[in-house]
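Every chain is numbered from 1, with letters handed out A, B, ... down the list of sequences.
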2 protein chains.
Amino acid sequence: MTIGGPKVLIVEDEPSQLELLSYNLDVEGYDVYKAETGEEGLLILQEVEIDLVLLDWMLPQTSGLEICRQIKRDKTTRSIPVIMLTARGEEDDKVRGLDTGANDYIVKPYSIKELLARVRAGLRNAKGGLGVNILTYKSLTMDLRRHVVCLGDKVIHLGPLEFKLLRILIEAPARVFSRDQLLERVWSNALEVETRTVDVHIGRLRKQLNAVADADYIRTVRGFGYSLDKVA
Amino acid sequence: MTIGGPKVLIVEDEPSQLELLSYNLDVEGYDVYKAETGEEGLLILQEVEIDLVLLDWMLPQTSGLEICRQIKRDKTTRSIPVIMLTARGEEDDKVRGLDTGANDYIVKPYSIKELLARVRAGLRNAKGGLGVNILTYKSLTMDLRRHVVCLGDKVIHLGPLEFKLLRILIEAPARVFSRDQLLERVWSNALEVETRTVDVHIGRLRKQLNAVADADYIRTVRGFGYSLDKVA
DNA sequence: GGTTTTTGTAACGGTTTTATGACGGCATAG
DNA sequence: CTATGCCGTCATAAAACCGTTACAAAAACC
């Protein structure tokens, strides 16, 4: 086992898969830790300073989903990127369950090349800030790769502009953006757009979210702008 | 290590993060000092004339929060800008706990570009006066980026004018501002405003604060004006 | 104590800002 | 070519905020 490479924890109940992953990551110079159950994985997380977790969706006892939640609940492990491994048919569940805080996901069967790329991106992300594919705020999640937005277990359909708008907001939750800032970032350089148009789109976004949410996710800051900020 | 650049102290327990930060700051020409625990950091602060501190929120022994408090308690280190590094999920705690006196905060995952920008802003601030994002007085905090005011752990909603007013006051705590000074700074150049209007707004501000506070935060100086000054 | 001056505050009307429904234009898909 | 969905603007409604006034309360002065 290489010493000094980034520490990756694999949680996967199927031994053959586990071996395959382990081997490939080892070859790439990662320091690999293995677990066959979620519980085992959590134990390792407490003992070792893991840099990234590969977590199978389906696990014998506690599900990967629940394990992910626990990882994200604990302050000491929260910032560790988690990549979920999920079988093709589980995609729908995944959409619903992405509010666990996972940073990315890979659908089986995956190519090793893709997996390694995502692992690299995940590590880069933890350190730098790029490569995020899932954005979350409270129970709101945006899957950038699939262009899907969920609130809790409900899928929300947004138009392109609304999607962009929400993305800006969710990338810096609670921060207030002025209408002009939003115009600049969402509408790019379209100069011939009224400032008030932002209001309308915020309104549309709000309506869609509130149709599902238990509380308003968008805060209006009078005289300044808007922010993604769930109050209750 | 470059000699002569501004001295930045990084306190971060995760070695990979520490290295990453260190490297990037070094490249930018800063004189970097590293610590893996708060205690270590405080020691360095006493020995070296640090210009800015990057402080991780979560630290093994004493928390970053507590370290920040200690930095701000000591007269010799009080004026050094502190930027807190905090994970996404800790945001709520942060809003509540920002009465530590930190000057700014960055939410992980952050882009290096953003971090460097904030470091520059922090240094500029220390020397000039711009770039502060968090203002505090006793247990009252204003988060300018988020446009949120907290007293203890309660969020207080203020209108635009009240917000501006409080900002002027909190930027120079205990200093007394005359009604005319406040008119000039809060109402800018609006000439057609009665002097007594200030009273009313101070009153409104007071009411909102006192609804939550244990003591009056605004002191009336008869014949002169007002100041932010908690008596009891 | 009584008077004067200054400050506190409730209340009101007016203004500004934001929310929202409706409409026509435009593009794209069928 | 028609239907559908999305977008930008406008008009109007609703809400939040602001400045003033009037009177009550407090402090200062004699």
[X] side chain near [N] phosphate (N/O to OP1/OP2, under 4.0 Å):
X        : N      : value
A:Arg206 : C:dA19 : yes
B:Thr220 : C:dT7  : no
B:His201 : D:dT20 : no
B:Arg196 : D:dT20 : no
B:Trp187 : D:dC18 : no
B:Lys207 : C:dA10 : yes
A:Tyr226 : C:dT17 : no

Given [options], the nucleotide with the shortest approach to the side chain of [X]:
X        : options               : result
B:Arg204 : C:dA10, D:dC18, C:dT7 : D:dC18
A:Glu162 : C:dG8, D:dC7, D:dG8   : D:dC7
B:Glu194 : C:dA19, D:dT20, C:dT7 : D:dT20
B:Val200 : D:dC7, C:dG21, D:dT21 : D:dT21
A:Thr197 : D:dC7, D:dC17, D:dT9  : D:dT9

Cation-pi between B:Arg145 and B:Tyr105: NZ/CZ under 6.0 Å from ring centre and within 45° of the ring axis?
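Flagged: B:Arg145 positioned over aromatic ring of B:Tyr105.
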
Base, sugar-phosphate, or nothing: which does [X] touch, judged by heavy atoms less than 4.0 Å apart?
X        : value
A:Val193 : sugar-phosphate
B:Arg179 : sugar-phosphate
A:Ile202 : nothing

Salt bridge (charged side-chain N to carboxylate O under 4.0 Å, His left out) between A:Asp56 and A:Lys108: does it pass, once the steps are laid out?
CA-CA 10 Å; A:Asp56 189 28; A:Lys108 300 184 204 176; 3.0 Å; yes

On a plain distance test, is the side chain of A:Arg222 in donor-acceptor contact with the base of C:dT17 below 3.5 Å?
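Answer is yes: a donor-acceptor pair is held.
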
Side-chain ion pair, A:Lys230 and A:Asp214, N-O less than 4.0 Å
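Yes, this pair counts.
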
Are A:Glu66 and A:Lys72 within salt-bridge range, i.e. N to O under 4.0 Å?
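Here A:Glu66 does not pair with A:Lys72 in a salt bridge, since their nearest N and O are not under 4.0 Å apart.
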
Using whole Å, report how far [atom1] of [X] lies from [atom2] of [N].
X        : N      : atom1 : atom2 : answer
A:Glu192 : D:dC10 : CD    : P     : 13 Å
B:Asp216 : C:dT7  : CG    : C1'   : 13 Å
A:Asp199 : D:dA14 : CG    : P     : 17 Å
B:Arg219 : D:dA27 : CZ    : P     : 15 Å
B:Leu165 : D:dC17 : CG    : C1'   : 14 Å
A:Ile218 : C:dT20 : CD1   : P     : 11 Å
A:Asn210 : C:dT20 : CG    : C1'   : 13 Å
A:Phe224 : D:dA16 : CZ    : P     : 17 Å

Would you say the side-chain atoms of B:Asp74 and B:Thr76 include a donor-acceptor pair closer than 3.5 Å?
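A pair is found: one side chain offers a donor N or O, the other an acceptor, under 3.5 Å apart.
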
Check the side chains of A:Arg179 and A:Tyr226 for a donor-acceptor pair under 3.5 angstrom, ignoring hydrogens and angles.
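A donor-acceptor contact under 3.5 Å links the two side chains.
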
